[in-house]
Engineer: 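Can you keep this structure in mind? I'll have questions shortly.
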There are 2 protein chains.
Amino acid sequence: MEFNDKQIDILFAAERLFATKGFDGTSVRDIAHEANVNVAMINYYFGSKDKLLDTFFEWRVPDFMINVDELSLVGNALDKIDVMVDRYVKSMSSHRKLYRVIAIESTLKQRMLISDAFKKLKIHNLEVIASIINGGIADGVFKAGNDPILIHSMMMGTFMNFQMNQVFLQDQLGIADDDGYGQYIETTLTEFIQKTIKALLTYEK
Amino acid sequence: MEFNDKQIDILFAAERLFATKGFDGTSVRDIAHEANVNVAMINYYFGSKDKLLDTFFEWRVPDFMINVDELSLVGNALDKIDVMVDRYVKSMSSHRKLYRVIAIESTLKQRMLISDAFKKLKIHNLEVIASIINGGIADGVFKAGNDPILIHSMMMGTFMNFQMNQVFLQDQLGIADDDGYGQYIETTLTEFIQKTIKALLTYEK
DNA sequence: GACAAAGTTAAACAAACGTTTAATTTAAAC
DNA sequence: GTTTAAATTAAACGTTTGTTTAACTTTGTC
């Protein structure tokens with residue numbers, strides 16, 4: 001998929017607005033104004049507001065993928081967990097707006113026609129996690145009987161919870177600004193998720 | 001706060017629609033139709049669509065509270081975790097629509113004017129969790145150095161992730177219907193969260 | 001430099017939005 | 001039974017919505 005400068009301006013503007021106001025809360029005039037283009041340009045280039053959302057998702061989908069190559073370099077199963085979580089959180093953290101949009105819109109069932117592309121990506125990421133866990137079990141480091149789906153849900157959910165409740169959590173944690181919050185996510189929260197997964201995978205009973 | 005039958009009809013209708021279509025995606029005419037009342041009744045009783053959302057939250061807030069009395073009956077710190085998680089998930093599970101609405105609308109920053117009532121509730125629940133953890137540390141059962149905020153975020157986030165990605169997860173887990181999904185949440189997912197928290201609180205290093 | 005295609009614009013479109021109005025019905029009080 | 005307030009209604013209000021139109025400008029091609 002190839003986009004010209006104006007199309008990319010629109011996609012970025014849409015991302016910014018969808019992330020803060022939601023899809024339904026954002027008008028095409030909002031987007032046009034934010035992107036400094038004429039309203040008609042959105043329908044001209046993307047067909048409709050709905051198709052703009054679809055295109056937006058397709059445009060961003062590649063940023064979801066866990067990089068498997070990087071993981072194969074790490075030997076220890078415990079270290080693999082650390083690297084995987086670190087990369088996952090960093091990827092999500094650097095695309096926080098995108099994740100907000102997905103979180104908001106994926107809940108509204110009638111949408112997500114493009115869910116096929118997303119489904120494949122989620123399945124890919126699940127398989128990566130499953131292979132790490134199974135490798136750890138084979139090495140005798142991890143206990144068996146832990147569903148990768150649940151671990152993935154825990155990791156995603158914990159991160160998302162930080163995304164969605166930023167105002168409350170930032171206040172509770174005594175963090176001053178947005179940058180500090182981002183740093184907290186990339187350090188303390190990342191370590192927490194790493195620790196949690198390792199604790200779970202080595203827990204008796 | 002006292003509501004007559006018609007007002008309650010409207011609140012339930014709003015809950016059903018907000019949970020599936022979001023606040024912005026739902027029109028007052030949708031709500032009026034769903035509740036079998038005239039459109040003007042919504043403004044007559046609630047003032048505006050925005051105030052209806054506020055009133056809806058205030059109406060539902062009490063359902064959030066963790067019941068502390070029930071916990072004091074349990075002696076063992078590990079068992080207290082089990083009971084707390086079980087009650088928490090059951091409470092969330094029985095108000096799934098409400099939690100969807102909160103999850104969707106709490107992300108949109110300009111909303112949540114009523115956040116004061118919510119803030120107090122969240123702080124109450126956090127304090128309950130903190131006291132359980134501290135009790136466990138005092139008894140020598142739990143390791144110190146685990147932030148209750150992170151544990152609470154993990155519990156909420158994991159549950160929410162199941163709420164928000166029902167379509168995908170139900171498919172992945174091979175669950176046939178909505179009831180089965182609810183059962184999975186109240187059994188397998190609950191056990192997973194219990195196990196995760198206990199593993200974390202007893203984990204070395 | 002003429003021609004066709006692509007890009008861009010302001011204006012207009014009908015439909016849907018939240019809200020208000022004014023008229024009417026119901027209920028309660030005396 | 002009359003009076004007064006509350007409840008309910010259909011219709012209309014002015015905006016805003018997403019989209020389309022038709023005129024105009026820019027760009028690239030021969």
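Reminder, nothing fancy here: chain letters follow the sequence lines and each chain counts from 1. What you see is a predicted model; the values in this text were computed from it and never measured.
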Engineer: Taking for each residue the nucleotide of DNA chain C bearing the nearest heavy atom, is the 5' side occupied by B/V28 or by A/N4?
Structural biologist: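 Looking at DNA chain C, the more 5' nearest nucleotide goes with A/N4.
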
Engineer: Taking salt bridge (Lys or Arg N to Asp or Glu O under 4.0 Å) as the definition, give me every residue that meets it alongside A/K90, ordered by chain and number, with sequence neighbours left out.
Structural biologist: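 Only A/D86 meet the salt bridge (Lys or Arg N to Asp or Glu O under 4.0 Å) criterion with A/K90.
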
Engineer: Rounded to the Å, how far apart are A/I10 CD1 and D/dT19 P?
Structural biologist: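 In whole Å, D/dT19 P lies 13 Å from A/I10 CD1.
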
Engineer: Go through the structure and list residues passing side-chain contact (heavy atoms from CB on, under 4.5 Å) with B/N4, not counting sequence neighbours.
Structural biologist: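 Testing B/N4 for side-chain contact (heavy atoms from CB on, under 4.5 Å), a comparison that skips the adjacent residues, returns B/K6, B/Q7, B/Y45.
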
Engineer: When the distance from CG of B/D24 to P of D/dT16 is rounded to whole Å, what number comes out?
Structural biologist: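 In whole Å, D/dT16 P and B/D24 CG are 15 Å from each other.
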
Engineer: Relative to each other, are the rings of A/F162 and A/Y184 parallel, tilted or perpendicular (30° and 60° limits)?
Structural biologist: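 Plane angle under 30°, so parallel.
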
Engineer: Any donor-acceptor pair under 3.5 Å linking the side chain of A/Q194 with the backbone of A/D82?
Structural biologist: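 Looks like yes, one N/O pair under 3.5 Å.
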
Engineer: Check whether any side-chain nitrogen or oxygen of B/Y45 sits under 4.0 Å from OP1 or OP2 of D/dT8, and answer yes or no.
Structural biologist: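 Yes.
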
Engineer: Anything under 3.5 Å between a protein N or O and an N or O of nucleotides 20-27 of chain D, put it in a table, one pair a line.
Structural biologist:
none

Engineer: Which residue pairs pass the salt bridge (Lys or Arg N to Asp or Glu O under 4.0 Å) test with at least one member in residues 124-135 of chain A, sequence neighbours excluded?
Structural biologist: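 Sorted result for residues 124-135 of chain A: empty, none.
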
Engineer: Can a side chain N or O of A/S27 be found less than 4.0 Å away from OP1 or OP2 on D/dT17?
Structural biologist: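 The answer is yes; a side-chain N or O of A/S27 sits under 4.0 Å from OP1 or OP2.
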
Engineer: Only counting residues at least two apart or in another chain, list the ones meeting side-chain contact (heavy atoms from CB on, under 4.5 Å) with A/V28.
Structural biologist: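 Applying side-chain contact (heavy atoms from CB on, under 4.5 Å) to A/V28 gives A/V39, A/I42, A/K49.
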
Engineer: Give the rounded distance in Å between these two atoms: NE2 of A/H33 and P of D/dT16.
Structural biologist: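 Taking atom P of D/dT16 as the reference, NE2 of A/H33 is at 14 Å.
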
Engineer: Suppose the criterion is salt bridge (Lys or Arg N to Asp or Glu O under 4.0 Å): which pairs have a residue in residues 154-163 of chain B, not counting sequence neighbours?
Structural biologist: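 Listed once each, the pairs would be none.
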
Engineer: Between which nucleotides of DNA chain C, 5' to 3', does chain B make heavy-atom contacts below 4.0 Å?
Structural biologist: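 Range of nucleotides touched by chain B: C/dC17 to C/dT20.
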
Engineer: Which pairs count as salt bridge (Lys or Arg N to Asp or Glu O under 4.0 Å) when at least one residue sits in residues 143-163 of chain B, sequence neighbours excluded?
Structural biologist: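 Every salt bridge (Lys or Arg N to Asp or Glu O under 4.0 Å) pair that includes a residue of residues 143-163 of chain B, provided the two are not neighbours, is B/K143-B/E204.
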
Engineer: Does any pair with a residue in residues 181-194 of chain B pass salt bridge (Lys or Arg N to Asp or Glu O under 4.0 Å), and if so which ones, sequence neighbours excluded?
Structural biologist: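 Of all non-adjacent pairs touching residues 181-194 of chain B, none passes salt bridge (Lys or Arg N to Asp or Glu O under 4.0 Å).
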
Engineer: Nearest whole angstrom, please: distance from the P of D/dT17 to the CG of A/D30.
Structural biologist: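 For the pair A/D30 CG and D/dT17 P, the rounded distance is 6 Å.
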
Engineer: Mapping A/R29 and A/V37 onto DNA chain C by nearest heavy atom, which one lands closer to the 5' end?
Structural biologist: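 With A/R29 and A/V37 compared, the 5'-side residue is A/V37.
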
